[in-house]
Amino acid sequence: MRWNIPILLTWLRILLIPVFTALFYLPQGWLDAQTVNYLAALIFAAAGITDWLDGFLARHWHQTSDFGAFLDPVADKLMVAVALILLVKLDRTAAVYAMVIIGREITISALREWMAQLGRRSSVAVAHIGKFKTAAQMAAIFALLIYQNDFLGLNLPQIGNILMFIASVLTIWSMFYYLKMAWQEFK
């Protein structure tokens with residue numbers, strides 16, 4: 001594995017996960033709850049930005065690699081899974097949303113791995129529905145991390161849970177889309 005800025009940004013996302021998690025387990029009185037929420041949302045946003053940036057830089061600088069292609073989605077899925085579990089633990093969203101999203105990620109990751117072994121990974125490449133799902137999911141998590149009833153006049157808990165519902169519907173839809181694309185191999 002060659003070290004380059006895109007790979008380092010991906011590793012940075014993975015290293016941010018324990019920092020992100022630790023915020024919610026700081027001793028009482030170290031930070032007030034709203035500061036923790038803002039810091040967690042900031043870290044989550046930074047992870048999202050570095051996800052976009054590492055992909056852009058890897059393509060722009062011609063530094064794509066098999067390891068980077070493997071590690072990038074792992075970093076994303078780890079951050080999302082940890083955020084969803086924390087949001088459920090904090091009673092900010094329904095467990096069913098987390099189960100649907102995490103279950104789909106495991107299923108599609110396994111499907112992509114299997115298709116790659118068959119030399120058919122391109123048949124389950126990222127589609128537009130997956131991008132819409134990701135956008136709704138990221139916006140929902142961000143809103144639920146801030147979790148403020150009156151944030152610039154917006155009720156973020158309500159908006160976040162509406163977006164989480166939309167993300168869950170798109171998650172199921174995209175899972176069936178990818179399964180349909182791989183169906184020929186199932187036969």
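Numbers here are sequence positions counted from 1.
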Measure the [atom1]-[atom2] distance between [X] and [Y] for me, rounded to the nearest 0.5 Å.
X    : Y    : atom1 : atom2 : value
M138 : M79  : CE    : CE    : 9.0 Å
T64  : H62  : OG1   : NE2   : 9.0 Å
Q137 : I101 : CD    : CD1   : 4.5 Å
N37  : Q148 : CG    : CD    : 8.5 Å
L15  : T10  : CG    : OG1   : 11.0 Å
F44  : L23  : CZ    : CG    : 14.0 Å

**Q.** Residues, nucleotides or ligands: over 12 heavy atoms within 6.0 Å of I5 CD1
**A.** no
Q) More than 12 heavy atoms of other residues, nucleotides or ligands under 6.0 Å from CG of D66: is that the case? A) no
Indicate the atoms forming the closest heavy-atom contact of [X] with [Y], along with that distance.
X    : Y    : result
A139 : L163 : CB-CD1, 3.8 Å
A83  : I141 : CB-CG2, 3.8 Å
G160 : A140 : O-CB, 3.4 Å

How about [X] and [Y]: do any of their side-chain heavy atoms sit closer than 4.5 Å?
X    : Y    : result
L42  : Y38  : no
L156 : F142 : no
L86  : L145 : no
L78  : V74  : yes
Y97  : L144 : no
V96  : F165 : no
T21  : I17  : yes
M99  : V88  : no

Q: Begin with the C-alpha distance, continue with both residues' side-chain angles, and end with the deciding distance and a verdict on side chain to side chain contact (heavy atoms under 4.5 Å, CB included) for T107 and L111.
A: CA-CA 6 Å; T107 301; L111 176 67; 5.5 Å; no
Q) Honestly, is R112 close enough over Y178, meaning NZ or CZ under 6.0 Å from the six-membered ring centre and within 45° of the axis? A) yes
Q: Measure up the F24 and F20 rings against each other and bin them: parallel (under 30°), tilted (30 to 60°), perpendicular (over 60°).
A: perpendicular
(Q) Applying a strict under-4.5 Å side-chain criterion to I, L, V, M, F, W and Y, I'd like to know whether I49 and I146 cluster together. (A) no
(Q) Before you tell me yes or no, could you show the steps for M175 and I108 under side chain to side chain contact (heavy atoms under 4.5 Å, CB included), namely the whole-Å CA-CA distance, both residues' side-chain angles and the distance that decides it to 0.1 Å? (A) CA-CA 7 Å; M175 183 177 72; I108 298 306; 3.8 Å; yes
(Q) Give me each pair satisfying salt bridge (Lys or Arg N to Asp or Glu O under 4.0 Å) with a member in residues 9-30, each pair once, sequence neighbours excluded. (A) R13-D51, R13-D54, R13-D72, R13-D76
Q | side chain to side chain contact (heavy atoms under 4.5 Å, CB included) between L84 and M164, intermediate numbers included | A | CA-CA 10 Å; L84 288 170; M164 194 62 75; 3.7 Å; yes
Q) Within the side chain of N4, is there an N or O that forms a donor-acceptor pair under 3.5 Å with the backbone of I7? A) yes
**Q.** Any donor-acceptor pair under 3.5 Å from R59 side chain to G55 backbone
**A.** yes
Q. Run the side chain to side chain contact (heavy atoms under 4.5 Å, CB included) check on I166 and F132 step by step: do they pass?
A. CA-CA 10 Å; I166 292 168; F132 294 135; over 6 Å; no
